[in-house]
Amino acid sequence: MDQKLNILTAKLAEAKLGGGQNRLDTQHKKGKLTARERVHFLMDPDSFEEIGALVTHRSTDFGMEEQQYLGDGVITGYGTVAGRLVYVFAQDFTVFGGSLSETHAEKICKLMDLALKNGAPLIGLNDSGGARIQEGVNSLGGYADIFFRNVQASGVIPQISAVMGPCAGGAVYSPAITDFILMVEGSSYMFVTGPNVVKTVTNETVTSEELGGAGTHATKSGVTHLTASNDIDAIHKIIKLLSYIPQNCQDKVPALPFVPGDEYRDQLAALIPENANQPYDMKEVIEGIVDAASFFEVQENYAENIVVGFARLAGRSIGIVANQPMNLAGVLDVNASKKAARFVRFCDCFNIPLLVLEDVPGFLPGTDQEWNAIITNGAKLLYAFSEATVPRITVITRKAYGGAYDVMNSKHIGADMNFAWPCAEIAVMGAKGASEIIFKKEIDSAVDPSAKLLEKEQAYAEKFANPYRAAARGFIDEVIDPRETRRKLIKAFAMLENKTIARPKRKHGNIPM
Ligand code: HXC
């Protein structure tokens, strides 16, 4: 028995070495952790149990039978993060560049099946040169097996992808199907075709970083939801993200202990400028409402005219969607609509109540927007809110104009509670624009058209630039003192805690894509 145990010990030690000590050292020289270190820092101490450490590839072409590494370039297993069960795989770049062979894919699929059957999050730490070139279609089949499982697991268990190295070609589509992508700045990139192919096909000269680095996907494409300055920062962000999310779609949101206190927040009364055209920072409103230091923003640098992220209110997780007057006056455009719709759908999948903070002058006009399908994309957000069954509350802090009023979680599309601050303006459009249209003839024929416009504008503003007409119709449940917002929301979300909605039976809806 002793001898057999010795063989096992030797094999496990060999599996830990990946592609060998020199290649592990190379990871460090590149400023990256090794796959095993990433797993180590992610999981609670001594909680990780590895599955399939002794798996080897079956390839016999190109002398591959001579090159065997235990584990075949991916570490798979389960353990806990902050005491909660999670499944994790980490691709090992030191073994054939972390490339995906048939057996490498089988290991990931086995893990995905376990995560789905047992209802716990799946975390992928990606660092791979893509399909194992020596294996041809076997590798492509392995990718498709993973994609298929990503889709089956979507909306059932949370799936988080950290991209910590290369991720190219069709390999990008597994992270893309998962709920969140996090990229490490400077050491990761994602693209369907790399700079060389781009040069050949379009004659553009571009670096990997420009084409698909973390900065590009955080600002231009919106592909990544989070970025991290290094591997450790990435792991901290994954742990933080997990803390807001339930284990699966049947589970309730995580809640931290909460001791009720004085929930009055004086600072909220001073945030909105007297002049309705002056911006203010909606993030200060968020900070004034949620539990101290609990706001965790997602896609921070993409479509900054809308802010989305998680926070805690009275200890419980909520999702926040908020127009940002500091950027494009908080207007809804193509990118903001896509960003918010995706976030709303994630929250709805996983029972995370939604808080909408609204200050929106409408949809952004222009050929660029129309030609890039603001119709379809705006409809996405409308659809996402309308189908969401989680508790949904809106607070209108200032403007709620036009179609954007309807879209931003209005009562009419199923919001449960709609509050407005006294400075709210709920109307078809701003007073000036409205007066110019409906009083055009009167203004044009006036002795002093500017004075007439001003007069009409003031009359219109008095009538419509307030929340009371909407409140009189019951579209707003209550006009509240801003300082009371946090207290009102804590009570309203508690009141909605057991909300249930039965939707008509159907296969699935057909969201405008
Ligand atoms: C097999 C691979 C590999 C791959 C890298 N390696 N990629 N082995 N299949 N796809 C091996 C290298 O041969 C090398 O082995 C080791 O990994 C490290 O690679 P280096 O090139 O030395 O590292 P680096 O300079 O950091 O460059 C990393 C890289 C580059 C940019 C990822 O290796 C590269 O371009 N690889 C090929 C990428 C690619 O075209 N993949 C296929 C994409 S198509 P040795 O033994 O020399 O150390 C695809 C389709 C998916 O993935 C379809 C899904 C539907």
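Side chains included, hydrogens not; waters and symmetry mates left out as well; all remaining heavy atoms used. Source: prediction; values computed, not measured. Whatever order the structure lists them in is the order used to number ligands and atoms, beginning at 1.
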Would a 4.0 Å cut-off, counted as strictly less than, catch a protein heavy atom around atom 46 (O) of ligand 1?
yes
Closest non-hydrogen protein atom to atom 17 (O) of ligand 1, residue and atom name please, with distance?
Gly97 N, 2.9 Å
Axial cation check for Tyr244 ring with Arg312, 6.0 Å and 45° limits:
yes
Looking only at heavy atoms, is any part of Ala131 under 4.0 Å from ligand 1, and if so is it the side chain, the backbone, or both, or is it neither?
both
If you count the atoms of ligand 1 from 1 in the order shown, which ones are under 4.0 Å from a heavy atom of Gly129?
7 (N), 10 (N), 32 (C), 37 (C), 38 (C), 39 (C), 41 (N), 42 (C)
So, Lys339 side chain and Tyr302 main chain: donor-acceptor pair closer than 3.5 Å or not?
yes
Test your reading of the structure: does Gly169 have an N or O sitting under 3.5 Å from an N or O of ligand 1?
no
Okay, side chain of Glu66, backbone of Gly63: is any donor-acceptor separation there less than 3.5 Å?
no
Measuring from the heavy atoms of Tyr189, does anything fall under 4.0 Å of ligand 1?
yes
Below 3.5 angstrom, do we get any N/O pair linking Tyr143 and ligand 1?
no
Near-ring test Tyr78/Phe48, centroid separation under 6.0 angstrom
no
Determine whether any protein heavy atom is located less than 4.0 Å from atom 40 (O) of ligand 1.
no
Heteroatom proximity flag, Ala171 to ligand 1, N/O under 3.5 Å
no
Just checking, is any N or O donor in the side chain of His28 or Glu37 under 3.5 Å from an acceptor N or O on the other one?
yes
Suppose we measure from atom 1 (C) of ligand 1 to each protein heavy atom; which comes out shortest, and what is that distance?
Gln134 OE1, 3.2 Å
Numbered atoms and elements of ligand 1 in range of Gly130, under 4.0 angstrom, heavy atoms:
52 (O)
Does the protein place any heavy atom closer than 4.0 Å to atom 52 (O) of ligand 1?
yes
Quick check on side-chain hydrogen bond (donor to acceptor under 3.5 Å, both in side chains): which of His508, Arg345, Arg503 does Glu387 satisfy it with?
Arg345
So, Asp92 and Arg36, do they make that salt bridge, N to O below 4.0 Å?
no
Output the list of atoms in ligand 1 that are nearer than 4.0 Å to some heavy atom of Arg132, sorted by atom number.
9 (N)
Does the protein put any heavy atom within less than 4.0 Å of atom 15 (O) of ligand 1?
no
Electrostatic pair Arg58-Glu102, nearest N-O below 4.0 angstrom:
yes
With nothing but distance in play, are any N or O atoms of Leu140 less than 3.5 Å from an N or O of ligand 1?
no
Do any non-hydrogen protein atoms sit less than 4.0 Å from atom 20 (P) of ligand 1?
no
Describe, in one word, how the ring planes of Tyr189 and Phe191 are oriented to each other, choosing from parallel (under 30°), tilted (30 to 60°) and perpendicular (over 60°).
parallel
Name the closest protein heavy atom to atom 9 (N) of ligand 1, giving the residue it belongs to and the distance to 0.1 Å.
Ile133 N, 3.1 Å
Taking the ring centre of each residue, are Tyr405 and His412 less than 6.0 Å apart?
yes
Any N/O of Phe147 closer than 3.5 Å to an N/O of ligand 1?
no
Which protein heavy atom lies closest to atom 6 (N) of ligand 1, and at what distance to 0.1 Å?
Phe96 O, 3.6 Å
Ion pair present between Arg149 and Asp113, side-chain N to carboxylate O less than 4.0 angstrom?
yes
Please say whether Arg23 places an N or O atom under 3.5 Å from an N or O atom belonging to ligand 1.
yes
Please tell me if atom 49 (C) of ligand 1 is touched by the protein, where touching means a protein heavy-atom distance below 4.0 Å.
yes
Which protein heavy atom lies closest to atom 26 (O) of ligand 1, and at what distance to 0.1 Å?
Lys30 NZ, 3.2 Å
Centre-to-centre under 6.0 Å for Phe310 and Phe295, is that the case here?
no
Does Arg132 pair with Asp72 as a salt bridge, N-O distance under 4.0 Å?
yes
Indicate, as side chain, backbone, both or neither, the part of Tyr173 found under 4.0 angstrom from ligand 1 when only non-hydrogen atoms are considered.
neither
So which protein heavy atom does atom 33 (O) of ligand 1 come closest to, and at what separation?
Phe93 CZ, 4.9 Å
Looking at Phe93, is Lys32 sitting on its ring face, NZ or CZ under 6.0 Å from the six-membered ring centre and within 45 degrees of the normal?
yes
